[in-house]
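Here's the structure, in structure tokens; my notes come after.
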Number of protein chains: 2
Amino acid sequence: MEPVQTEDAGPVAEGREAPDGQVLGQMIRSARKEKGLTLEDVAKMAAIGRSTLSKIENNLTKPSFDIIRRLMQALDLKTPQLFVQSGKSDISGRRDYTLTGKGEHQETATYDHELLCTELTSKRMLPYISTIKARDVSEFESWVRHRGEEFMYVISGSLTLYTEHYRPLEMRAGDSVYYDSGMGHGCVSTSDEDARVLWVSLEM
Amino acid sequence: MEPVQTEDAGPVAEGREAPDGQVLGQMIRSARKEKGLTLEDVAKMAAIGRSTLSKIENNLTKPSFDIIRRLMQALDLKTPQLFVQSGKSDISGRRDYTLTGKGEHQETATYDHELLCTELTSKRMLPYISTIKARDVSEFESWVRHRGEEFMYVISGSLTLYTEHYRPLEMRAGDSVYYDSGMGHGCVSTSDEDARVLWVSLEM
DNA sequence: GAAACTTTTTCCCTATTGGCAACAAAATTG
DNA sequence: CAATTTTGTTGCCAATAGGGAAAAAGTTTC
């Protein structure tokens, strides 16, 4: 049940600093400068005051979440970087490896989800190998939903993917599908044998 | 060579609303409830006051970015969802399907990359199935690098994954690896036969 | 169903934000 | 190089965030 992890020592993962208000300002300023915009330009786009933006960039204030969100939109900034938690190492320059069947299992009556590469806790995508147990379609419960995107590849067996907005999709070994996981979904093994799928989830 | 796409018409992708402070509270509350924690539990973890958290969850206040960041950490929430920009077309409520071997191929002397699910152009992850042609290790060129993260799963055959910071990793069918794709990497088939891998790339 | 306890909400008050406007600095122009 | 315009910084002040404590609502127990 223990995942096999990096058996050779990796580089020292230097914990990136969280923007404790000490760097948040610089991040925003550099993003603005990069686009060649003035305080006023950005302030207008974000519908805030020039002075407010100036203070934020100089770390003279702890801005509200609302303001930051508007700035992010105005500057078209990708957000995850703002939330990098210090201490918790990120995956920068790192890797993690899992041998077949050695992942972290989470089993229910109808599934057996195996989470892979559990050492890297700050990774953005979550890779799983799941066994979808053969069963009657009538057992189909409610939709699964979680904001994000999902990719699924059928390793062996065959299954039916049910989705909220489409008619059921028959899938066989080698087939793959990509979908908005906010759309209700769920799958059922259609053969007598269990189906094995690999899927990768991206939370948003 | 043409990918098989959604053969049934999808729903109209309605632009998702951004959390204008009207739903932020609910998101945090549901995350807390999901974990079975009380206001006090979370408040302590995030080092804020109970009352503050209560007000945030009930949308009675516009919390500071700092507070939200601490709550995110405490609740282990993925953050991008809070910044969803409406307008930009996303894959909301959609899905795309590719049959084995029907993806968009891109072949070189040493690889054959098959991009899957090409209909969904705005997806965040890029799924590929690649054939890594059997060859001599001496042919190994320079590192591949691109900002982001990558997950790889070996479907068949065996290969060696070379990475900048680690020593080579021997992988066989069923093994998987996750790594920072900004770290130099590249792989070589180690058996006489070609190796087939499935990999998913997340650009950042 | 009252008592004891837990969890959440509501006041109250101080510290701080965020916008306006004046000020200073830098760039542009004639 | 003075005048003008543009960009960035600082006071000032109303509006409000956030913490402590008390009240209210919800649970559990006997």
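Computed from a prediction, not measured in an experiment: that's the story for all the values here. Numbered from 1 within each chain, the chains take letters A, B, ... in sequence-line order.
- We find that NZ of A:K44 is positioned 15 Å from P of C:dG19, with the value rounded to whole Å.
- Among the atoms of the strands shown, only primed sugar atoms or phosphate atoms (P, OP1, OP2) are found under 4.0 Å from some heavy atom of B:K62.
- Heavy atoms of A:T38 sit under 4.0 angstrom from primed sugar atoms or phosphate atoms, though from no base atom.
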Practice task
Step by step, work out the side-chain hydrogen bond (donor to acceptor under 3.5 Å, both in side chains) result for B:S181 and B:E149.
Solution key: CA-CA 5 Å; B:S181 55; B:E149 305 182 8; over 6 Å; no
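- Between the side chains of B:H113 and B:S130, a donor-acceptor pair is found at a separation under 3.5 Å.
- The CG-P distance, from B:D66 to C:dA15, rounds to 18 Å in whole Å.
- Across A:R172 and A:V154, no two heavy atoms sit closer than the pair O-CB, 3.4 Å.
- For a distance-only test at 3.5 Å, the side chain of A:S51 qualifies as a donor-acceptor partner of the base of C:dC20.
- In this structure, CG of B:L39 is placed 4 Å from P of C:dT8, rounded to the nearest angstrom.
- B:K123 places a side-chain N or O within 3.5 Å of a backbone atom of B:C117 that can act as its donor or acceptor partner.
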Problem - Full working for side-chain contact (heavy atoms from CB on, under 4.5 Å) between A:S189 and A:D194 - result: CA-CA 6 Å; A:S189 177; A:D194 298 345; 5.6 Å; no
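- Dense packing is recorded around NZ of A:K133, with more than 12 heavy atoms of other residues, nucleotides or ligands lying under 6.0 Å away.
- Across the protein-nucleic acid pair, B:L60 atom CG and C:dT9 atom C1' stand 9 Å apart, rounded to whole Å.
- The phosphate of C:dG19 (OP1 or OP2) has a side-chain N or O of A:T52 nearer than 4.0 angstrom.
- In this structure, A:R50 places its CZ atom 9 Å from C1' of C:dC20, rounding to the nearest Å.
- In this structure, B:I67 places its CD1 atom 11 Å from P of C:dT17, rounding to the nearest Å.
- Residue whose closest nucleotide on DNA chain C sits further toward the 5' end, between B:R32 and B:K55: B:R32.
- Protein chain B contacts DNA chain D from D:dA17 to D:dA21, reading 5' to 3' and using non-hydrogen atoms of the protein with a distance under 4.0 Å.
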